[in-house]
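Below is one structure, written out as structure tokens; the observations come after it.
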2 protein chains.
Amino acid sequence: MSGFKQDINDQFARLGKALSNGRRLELLEYLAQSERSVEQLARVSGLSVANTSQHLQQMRQAGLVSARREGKHILYSLAGEDVVQLLGVLRTVAERRLAEVREMVAKVLTARDSLEPVQAAELLERSRLGLVSVLDVRPPEEFEAGHLPGALNLTLAELERHLDRLPPDREVIAYCRGPYCVLSFEAVARLRAHGFQARRLEQGYPEWKLAGLPTQTGDAPRD
Amino acid sequence: MSGFKQDINDQFARLGKALSNGRRLELLEYLAQSERSVEQLARVSGLSVANTSQHLQQMRQAGLVSARREGKHILYSLAGEDVVQLLGVLRTVAERRLAEVREMVAKVLTARDSLEPVQAAELLERSRLGLVSVLDVRPPEEFEAGHLPGALNLTLAELERHLDRLPPDREVIAYCRGPYCVLSFEAVARLRAHGFQARRLEQGYPEWKLAGLPTQTGDAPRD
DNA sequence: GAGGCTTTCAAGCGATCAATTGAACGAGCA
DNA sequence: TGCTCGTTCAATTGATCGCTTGAAAGCCTC
């Protein structure tokens, strides 16, 4: 009976343990975009397949991710949207309480993006009025699994070859995987170098979806 | 530049690591009630003083707690209310995703409290109408640092000697440190054994305060 | 200042963790 | 039935964790 307190806290600690490794948090961010096979996750994260598999199993035992088989692949995905929320709160507390995080963010921000990022509500409003173009800088697989309505999908590698797809007189709002994903920082920097007005969306796609805002799925015209 | 992703996730993982031990989570729950000295925390948690100190320093480096000196004691407290929120989300996800947690909770619940717990809004309303007595089952130190308005403070040890302080015709709503604190479960069980109508408040004091609901500080008449 | 608290440090123990390597599993397909 | 290929297991390495023990460090009070 008195052991209940210890036991239940040990259970909660299982979740903490699953969140106690930077590589696992990175995998969670990828999974927040779309479900992925072990191999895909290993490739995008730069980890070995065996190592990736072990991390995924650890998180599965902690209830953060789930897996299903499709053909010869096993597809992992987040166990639910509450995991996105947990990640969000973790990052919020980290940014507020850890000076190192604030410094790292400030360094990236001042180096590349002196302007305030755009909030979701502001983007919705200005997008409705046709004042902005929305740019998704993630890889096509993640884009196809879900993206902001009307967004154009261009990776960093493609961006400068297809600037003509962006109306030159409209501000561009770029987003990617999350609030700390560097892709949108880099995209904004490059767009500005080419004379565009460009800003970042503060949140990434998973947070947008978590907030219940409208999304689209399916691929976009590519070349 | 490309190391940013790794670095920032490693920073977030520092928080996860701080949350990866059941004893630390227990300490955080105590700190959510009121600031405490190392010695007090060691006593209430059953850990050695040295061990407690080490856990606290670990959490301080992770930005979860802060410390100040008062006289010959060093008082630790939560770094902010966002830590309470983080704990809340962690527990919510754990209860939703870990079968073990659900089982443990169900066992305690069915063994002692078959009724649904009371929500904060319901308590506020019924308390305003004078329909219920509010009972705080935490130790006096925690009660004095902050409690629900109009609450009576009786520990489990005192409860049965002072049943006369509770109007016999009003339902009693008991609360303690948090949603998984056993004190209020036990209090409800004992009150019912004495013929009272009694239920638990679903949340504990820290969650009540985090929600911005009214609180009181200061001690109560004791004997 | 000296003594007496509380707290922290430092060393050491067994246990666990992250990552590598190579082998084993197992579902799909010929 | 075999073969293939994605995934997992098993064993290993070095590093870190949790806790204990005993000593050191601060700081208050006298």
Side-chain angles (χ1 to χ4, degrees), chain A residues 3 5-7 9-28 30-31 34-62 64-77 141, chain B residues 3 5-7 9-28 30-31 34-62 64-77 141:
Chain A
K5 190 164 55 183
Q6 266 90 37
D7 292 345
N9 277 317
D10 285 342
Q11 292 299 323
F12 297 149
R14 287 172 60 192
L15 269 190
K17 202 165 287 186
L19 301 173
S20 71
N21 178 281
R23 252 26 72 217
R24 281 199 287 275
L25 294 178
E26 194 181 329
L27 291 173
L28 285 178
Y30 295 132
L31 291 174
S34 62
E35 62 176 3
R36 307 295 274 266
S37 71
V38 179
E39 193 193 21
Q40 284 180 307
L41 288 166
R43 190 168 50 246
V44 73
S45 67
L47 299 174
S48 75
V49 171
N51 195 7
T52 305
S53 171
Q54 288 179 145
H55 280 308
L56 289 169
Q57 285 175 73
Q58 224 167 316
M59 291 194 285
R60 186 160 64 160
Q61 286 191 335
L64 292 180
V65 308
S66 53
R68 69 182 183 90
R69 173 173 285 274
E70 177 159 310
K72 49 173 61 176
H73 293 266
I74 293 191
L75 299 182
Y76 279 86
S77 56
E141 313 95 87
Chain B
K5 190 165 54 185
Q6 265 91 37
D7 292 345
N9 277 317
D10 285 342
Q11 292 299 321
F12 296 150
R14 287 172 59 192
L15 269 190
K17 201 164 289 187
L19 300 173
S20 72
N21 179 280
R23 255 23 72 217
R24 281 198 287 276
L25 294 178
E26 193 181 329
L27 291 173
L28 285 178
Y30 295 131
L31 290 174
S34 61
E35 62 177 1
R36 308 294 276 263
S37 70
V38 178
E39 192 193 22
Q40 284 179 307
L41 288 166
R43 190 168 50 245
V44 73
S45 67
L47 299 174
S48 74
V49 171
N51 195 7
T52 304
S53 172
Q54 288 181 138
H55 280 310
L56 289 169
Q57 284 176 74
Q58 226 167 316
M59 292 194 285
R60 186 159 66 160
Q61 287 191 333
L64 292 179
V65 308
S66 54
R68 69 180 183 91
R69 173 173 286 276
E70 177 159 310
K72 49 173 58 178
H73 293 267
I74 292 191
L75 300 182
Y76 280 85
S77 56
E141 313 94 87

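All of these numbers come straight from a predicted model, not from anything done at the bench. Just so it is clear: chains get the letters A, B, ... in the order the sequence lines come, proteins before strands, and each one is counted from 1.
Protein atom CD of A/Glu70 is 12 Å distant from nucleotide atom P of C/dC29, rounded to whole Å. Summarising the geometry, the separation between CZ on A/Arg60 and P on D/dT8 is reported as 7 Å, rounded to the nearest angstrom. The separation between B/Leu41 atom CG and C/dT8 atom P is 11 Å, rounded to whole Å. Straight-line distance from the CD atom of A/Glu26 to the P atom of C/dA19: 11 Å, rounded to whole Å. Here D/dT16 presents its C1' atom at 16 Å from CZ of B/Arg14, a figure rounded to the nearest Å. Remark: P of C/dT6 and CG of B/Asn51 are 18 Å apart, rounded to the nearest angstrom. If you take CZ of B/Arg69 and P of C/dT7, they are 8 Å apart, rounded to a whole angstrom. The separation between B/Glu39 atom CD and C/dT8 atom P is 12 Å, rounded to whole Å.
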Exercise. Can you check side chain to side chain contact (heavy atoms under 4.5 Å, CB included) on B/Arg60 and B/Tyr76, steps first, answer last?
Worked result: CA-CA 9 Å; B/Arg60 186 159 66 160; B/Tyr76 280 85; 4.3 Å; yes
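Here A/His55 reaches the OP1 or OP2 of C/dA19: one of its side-chain N or O atoms lies under 4.0 Å away. OP1 or OP2 of C/dT7 has at least one side-chain nitrogen or oxygen of B/His73 nearer than 4.0 Å. Taking side-chain N and O atoms only, A/Ser48 has a distance below 4.0 Å to OP1 or OP2 of C/dT20. Regarding contacts with the backbone of C/dT8, a side-chain N or O of B/Tyr76 is found under 4.0 angstrom from either OP1 or OP2. Look at A/Ser53 and you won't find any side-chain N or O under 4.0 angstrom from OP1 or OP2 of D/dT7.
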Short N/O separations, protein against nucleotides 11-17 of chain C, under 3.5 angstrom:
none

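For A/Arg23, whose side chain is taken as the heavy atoms from C-beta onward, the closest listed nucleotide among C/dT7, C/dT8, C/dA19 is C/dA19. Listed nucleotides: C/dT7, D/dT7, C/dC9. Nearest to the side chain of B/Val38: C/dT7.
For A/Arg69 (side chain) and A/Gly71 (main-chain N/O), a donor-acceptor pair under 3.5 Å exists by modelled atom type. Although no hydrogens or angles enter the test, the distance criterion places a donor-acceptor pair under 3.5 Å between the side chain of B/Arg24 and the main chain of B/Lys17.
The shortest non-hydrogen separation linking B/Ser37 to B/Leu75 is N-CD2, 3.7 Å. Across A/Ser20 and B/Ser20, no two heavy atoms sit closer than the pair CB-CB, 4.4 Å. Minimum heavy-atom separation, B/Ala67 to B/Ile74: CB-CG2, 3.9 Å.
A side-chain donor from one of A/Arg14 and A/Gln11 sits under 3.5 Å from a side-chain acceptor of the other.
Nearest-nucleotide positions on DNA chain C place B/Ile74 closer to the 5' end than the other of B/Ile74 and A/Leu47. Each of A/Lys72 and A/Gln57 was assigned the nucleotide of DNA chain D with the nearest heavy atom; the assignment lying further toward the 5' end belongs to A/Lys72.
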